[in-house]
Amino acid sequence: MRQRLLGHSGTAVSDFALGTMTFGAESDEATSHQILDAYAAAGGTLIDTADVYSAGESERIVGRWLAANPDAADRMIVATKGRFPMGEGPNDVGLSRRHLRRALAASLERLGVDHVDLYQFHAWDPLTPVEETLRFADDAIRAGDIAYYGWSNLTGWQLAEIVHTARAMGVPQPVTLQPQYNLLARELEFEVVPAAERYDVGLLPWGPLAGGWLTGKYAKDARPSGATRLGENPNRGMEAYDRKAGSDRTWAVLDALTAVAAEVDASPAQVALAWLVDRPAVTSVILGARTVEQLEANMAAASVALNAHQRARLDAASAVHAPDYPYGELGLEQRSRSLGGGR
């Protein structure tokens, strides 16, 4: 795997990260440890977890692997998250100083470490002042509990607000942002990607295969069945079958993806990952897997090379329709300027 800087920090990470949301839920501990072994053997260095993944069990599984593999653990950049409910009380959720102090302490205990490299706030909190959350991050960095912090699931204006507030306060700004990003979810290119480029914030895309859609396993004329996420629950979240299948764009993307995959002798999933990992502002793409075989197949995307024509074909098929203003052609014209002057 290639190495890239973690946003505007000086820390290097592999360009494919290991997501551990399946640990303790879809993957038992033995399988989870095998997945971690395979990831480390392939040169991966960024492990991403969260306190809410399997109600803390994902962190415990990762922590026990780190303890049992000290040499590999020493090479790993460990990232976790806090924000979502870990209890029933009104202060057991959010980005308040009170909740985050307890959430971070509990994550460190479950992971069995004295600090994490990257602590991420799992989503925007409309009830907590940004200044309060940023002061907590600064204090945690000064205390040595975290090295850097990032955020997840922000809009462009929220990222800009956070960065400028951090600068005004004289505290470190976030180094990363975790958004949903894939060939079927490109809307963040309107605002989030330009903001990330502007502020040198590295993107860590989650859901790079759109919940399995970009593996090519779903058909237009047959609802999913069997031991797949949509086979078990066709109405599951953002990847729900009816939500995606009703769009002609979905099938245009899958047709282009299948065609390019045949040209480069790779799977559709590998092509989708190869397309994403080299998008602007992307630092590392988060790979989730239920089995070692799934992980190894996805990591093979590191060796897939797409030429300019193939990338353009995927770009065209997955392009998101933009209204004339402010994101479409007329809006772009309003925001441009010729160095030579004139109209």
Side-chain angles (χ1 to χ4, degrees), residues 19-29 32 47-67 78-155 157-159 161-163 165-166 169 171-180 204 206-207 233 235-238 286 288:
T20 64
M21 190 171 67
T22 61
F23 289 9
E26 298 168 86
S27 306
D28 62 20
E29 182 157 349
S32 299
I47 300 172
D48 179 73
T49 186
D51 57 3
V52 294
Y53 293 169
S54 302
E57 189 60 22
S58 174
E59 288 182 322
R60 294 186 187 95
I61 290 172
V62 170
R64 287 190 283 268
W65 181 85
L66 293 172
V78 178
T80 192
K81 312 180 197 72
R83 189 279 194 198
F84 289 121
M86 290 296 286
E88 298 299 323
N91 290 312
D92 294 333
V93 62
L95 299 183
S96 69
R97 178 184 287 273
R98 185 182 192 279
H99 174 64
L100 290 174
R101 178 175 59 81
R102 295 184 175 196
L104 176 56
S107 287
L108 293 176
E109 182 177 359
R110 286 189 290 266
L111 287 164
V113 297
D114 60 7
H115 77 282
V116 290
D117 301 291
L118 177 64
Y119 191 62
Q120 300 157 104
F121 305 124
H122 215 154
W124 179 260
D125 178 0
L127 302 182
T128 301
V130 170
E131 293 86 350
E132 180 176 342
T133 305
L134 292 176
R135 187 61 68 190
F136 168 83
D138 184 44
D139 288 348
I141 290 170
R142 291 174 182 272
D145 294 331
I146 67 175
Y148 309 105
Y149 75 97
W151 231 284
S152 296
N153 306 312
L154 296 178
T155 62
W157 77 263
Q158 290 167 344
L159 178 57
E161 166 117 349
I162 289 163
V163 169
T165 303
M169 293 173 63
V171 302
Q173 70 179 55
V175 298
T176 56
L177 170 63
Q178 269 199 43
Q180 179 188 211
L204 304 175
W206 61 263
N233 181 9
N235 297 315
R236 178 189 173 107
M238 283 176 278
I286 299 174

Taking the side chain as C-beta and beyond, is there a heavy-atom pair between [X] and [Y] under 4.5 Å?
X	Y	result
Val62	Phe23	yes
Asp51	Arg110	yes
Ser58	Met21	no
Trp206	Asn153	yes
Leu111	Val116	yes
Val52	Met86	yes
Tyr119	Ile141	no

Hey, is the main chain of [Y] close enough, under 3.5 Å, to the side chain of [X] for a donor-acceptor pair?
X	Y	answer
Asp138	Val171	no
Asn91	His99	no
Thr20	Asp48	yes
Tyr149	Pro172	yes
Gln158	Thr155	yes

inquiry  = side-chain contact (heavy atoms from CB on, under 4.5 Å), that's the test. Do Leu159 and Leu177 meet it? Break it down for me.
reply    = CA-CA 8 Å; Leu159 178 57; Leu177 170 63; 4.2 Å; yes

Quick check: closest heavy atoms across [X] and [Y], and the distance to 0.1 Å?
X	Y	result
Ser32	Ile61	CB-CG2, 3.6 Å
Ser54	Gly24	OG-C, 3.4 Å
Ala140	Leu104	CB-CD2, 4.1 Å
Pro174	Gly150	CB-CA, 4.1 Å

Within this structure, what is the [atom1]-[atom2] distance for the pair [X] and [Y], rounded to the nearest 0.5 Å?
X	Y	atom1	atom2	value
Asp145	Leu108	CG	CG	6.0 Å
Glu109	Asp114	CD	CG	13.5 Å
Leu95	Leu127	CG	CG	10.0 Å
Thr165	Gln173	OG1	CD	11.5 Å
Ile47	Asp117	CD1	CG	10.0 Å

key: Audit row: Thr133, Thr128, side-chain hydrogen bond (donor to acceptor under 3.5 Å, both in side chains) steps and yes/no   = CA-CA 7 Å; Thr133 305; Thr128 301; 5.3 Å; no

ask   = For atom CZ of Arg142, is the number of surrounding heavy atoms from other residues, nucleotides or ligands below 6.0 Å larger than 12?
value = no

Mutual orientation of the aromatic rings belonging to His122 and Tyr53 [parallel < 30°, tilted 30-60°, perpendicular > 60°] =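 It falls in the perpendicular class, over 60°.
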
query = Relative to each other, are the rings of Trp151 and Phe121 parallel, tilted or perpendicular (30° and 60° limits)?
reply = perpendicular

Result of checking Lys81, Gln178, Arg83 against Gln120 for side-chain hydrogen bond (donor to acceptor under 3.5 Å, both in side chains) = Gln178

message = Go through it in stages, so that I can follow the logic: the residues are Arg135 and Glu132, the test is salt bridge (Lys or Arg N to Asp or Glu O under 4.0 Å), and I'd like the CA-CA distance, side-chain angles, deciding distance and then a yes or no.
response = CA-CA 5 Å; Arg135 187 61 68 190; Glu132 180 176 342; over 6 Å; no

message = Can you see whether Glu59 engages Ser107 through a side-chain donor-acceptor pair at a distance of less than 3.5 angstrom?
response =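 Indeed, the side chains of Glu59 and Ser107 share at least one donor-acceptor pair under 3.5 Å.
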
